[in-house]
Visitor: 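Before anything else, here's the structure in question.
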Protein chains: 2
Amino acid sequence: MVWILKAVRQQLSNFKADFFKALAHPLRISILDALRLGELTVNEISQRFSIEPANASQQLAVLRNKGIVVTRKEGSNVYYSVSDSAIFKLLDAAREIFNNHLIGVRGMLEEIRLEQAQTPKRRGER
Amino acid sequence: MVWILKAVRQQLSNFKADFFKALAHPLRISILDALRLGELTVNEISQRFSIEPANASQQLAVLRNKGIVVTRKEGSNVYYSVSDSAIFKLLDAAREIFNNHLIGVRGMLEEIRLEQAQTPKRRGER
DNA sequence: TATATATATAGGAATATTTGCAGATGCGAT
DNA sequence: ATCGCATCTGCAAATATTCCTATATATATA
């Protein structure tokens, strides 16, 4: 009957992996950071990050399907908020790891430099 | 000059996302859990999880590229260990979230059920 | 009722990831 | 030097994800 334990452990790993997969997207990370200050509607998020409302709704759906965010409907608006402050604890732990080891900072600066060199931004552009 | 801040924030989100992406794999989650008790060689990991050594090495390379694990070479063996105990803090935070909300438990049971019923595969089911 | 707004979902093309396997590399022993 | 072992890397097919467009649904307003 040991195979049951193995199967459960494997399934647990699968679901932890799915959970991290939900976090493994730049836009979704940014959205969660924005939700630190409180709930936001799809429209507000789409405006804040200059993306299509459909795209915002899609990314929020990914977070919602994993239970990371919850919704509250008011009129025709849907307010999204983080379901559990432990989520922020997790994000803080991630930040601590970044601070400890400066993972990828050199590469990050390099990428910014390349990005600007490829598509030079004009003055006053947001 | 505001675009610099935006670019930095976006790059930070990119790198956090890459970090979570490295965690977003069942095998890599299992490997990190196994590394809680101390360092392991590629061979030990491949035996413990019944996978090809090449596969173990590949998954460890993903973790190594993100600085999540570090290596120590001794003879022809390479010992892997977690680089920062904050990693375990993060995994614990993830576990707390799971315990708080039982994220995906319904889906987990569902998947186990489907796995058992996989032999007679049904139409229209994912 | 019709119309506009807010959100959700379906489909598809472009892109990225996973997986297993073959070959390459490095190291110790003979 | 060759052999055996441990590890790493490259390749390619299968699979999954992203992002966009179009459409659907629900709600408020005129």
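Every chain is numbered from 1, with letters handed out A, B, ... down the list of sequences.
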Visitor: I'd like to know if the side chain of B/Arg64 and the backbone of B/Val70 have a donor-acceptor N/O pair within less than 3.5 Å.
Guide: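 No; judged by distance alone, with no hydrogens or angles, the pair does not exist.
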Visitor: Is a side-chain N or O of A/Ser83 found less than 3.5 angstrom from the main chain of A/Ile68, in a donor-acceptor match?
Guide: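 Present.
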Visitor: Please tell me which of A/Lys21 and B/Ser57 maps to the more 5' nucleotide of DNA chain D, matching each residue to the nucleotide holding its nearest heavy atom.
Guide: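 Mapping each residue to its closest nucleotide by heavy atoms, the 5'-most match is B/Ser57.
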Visitor: Dot-bracket for DNA chain D, please. Rules: Watson-Crick or G-U, both distances under 3.5 Å, ( ) within the strand, [ ] when a pair crosses earlier ones, | for another strand, . otherwise.
Guide: ||||||||||||||||||||||||||||||
Visitor: How many Å lie between NE2 on B/His25 and C1' on C/dG20, as a whole number?
Guide: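 That distance rounds to 12 Å.
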Visitor: Could you verify whether a donor N or O on one side chain and an acceptor N or O on the other, from A/Asn55 and A/Gln59, lie under 3.5 Å apart?
Guide: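 Yes, A/Gln59 and A/Asn55 have a side-chain donor paired with an acceptor closer than 3.5 Å.
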Visitor: Does the B/Gln47 side chain pair with the main chain of B/Glu44, one donor and one acceptor, at a distance under 3.5 Å?
Guide: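 Not a single qualifying donor-acceptor pair exists.
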Visitor: For B/Phe98 together with A/Phe15, are the ring centres under 6.0 Å from each other?
Guide: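 Centroid distance A/Phe15-B/Phe98: not below 6.0 Å, so no.
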Visitor: I'd like to check A/Leu32 versus A/Leu23 (side-chain heavy atoms, cut-off strictly below 4.5 Å). Are they in contact?
Guide: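 A side-chain contact exists here, since the closest heavy-atom pair is under 4.5 Å.
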Visitor: I want to check one thing: is the phosphate of C/dT9, taken as OP1 and OP2, less than 4.0 Å away from some side-chain N or O of A/Arg64?
Guide: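 Checking C/dT9 against A/Arg64, a side-chain N or O does come within under 4.0 Å of OP1 or OP2.
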Visitor: Distance only, no hydrogens: is a donor on one side chain within 3.5 Å (strictly under) of an acceptor on the other, for B/Arg72 and B/Tyr80?
Guide: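 No pair is found: no donor N or O on one side chain lies under 3.5 Å from an acceptor on the other.
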Visitor: Does A/Asp92 pair with A/Arg36 as a salt bridge, N-O distance under 4.0 Å?
Guide: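 Counted as a salt bridge, because a side-chain N and a carboxylate O are separated by less than 4.0 Å.
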Visitor: Tell me: CG of B/Leu60 to P of C/dT19, nearest whole Å?
Guide: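 The answer, rounded to whole Å, is 14 Å.
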Visitor: Calculate the interatomic distance between B/Gln59 atom CD and C/dT19 atom P; express it in whole Å.
Guide: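 About 7 Å, once rounded to whole Å.
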Visitor: For A/Glu52, which contact category applies under a 4.0 Å heavy-atom criterion: base, sugar-phosphate, or nothing?
Guide: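 Touches nothing.
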Visitor: Is the distance from OP1 or OP2 of C/dG20 to the nearest side-chain N or O of B/Asn55 less than 4.0 Å?
Guide: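 Answer is yes, contact under 4.0 Å.
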Visitor: When we call it a touch if two heavy atoms are under 4.0 Å apart, what does A/Tyr80 touch: a base, just sugar-phosphate, or nothing?
Guide: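 Touches sugar-phosphate only.
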Visitor: With respect to the side chain of B/Ala54, which nucleotide from D/dC19, D/dA6, D/dT9 is positioned closest?
Guide: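 Minimum distance to the B/Ala54 side chain belongs to D/dT9.
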Visitor: Counting only N and O atoms by type, is there a donor-acceptor contact under 3.5 Å from the side chain of A/Ser13 to the main-chain atoms of A/Arg9?
Guide: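 Checking the backbone N and O of A/Arg9 against the side chain of A/Ser13, a donor-acceptor pair under 3.5 Å is found.
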Visitor: Where along residues 33-46 of chain B does a heavy atom fall under 4.0 Å from DNA chain D?
Guide: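 Listed by number, they are B/Thr41, B/Val42, B/Asn43.
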Visitor: Please encode protein proximity along nucleotides 24-30 of chain D as a string of B, S and -, counting only heavy-atom distances under 4.0 Å.
Guide: --SSS--
Visitor: Give a yes or no on whether the backbone of A/Pro53 and the side-chain of A/Ser57 come within a donor-acceptor separation of less than 3.5 Å.
Guide: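 No, A/Ser57 side chain to A/Pro53 backbone: no donor-acceptor pair under 3.5 Å.
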Visitor: Do A/Glu74 and A/Asn77 have a side chain donor and acceptor closer than 3.5 Å?
Guide: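 Looking only at side-chain atoms, A/Asn77 and A/Glu74 do not form any donor-acceptor pair under 3.5 Å.
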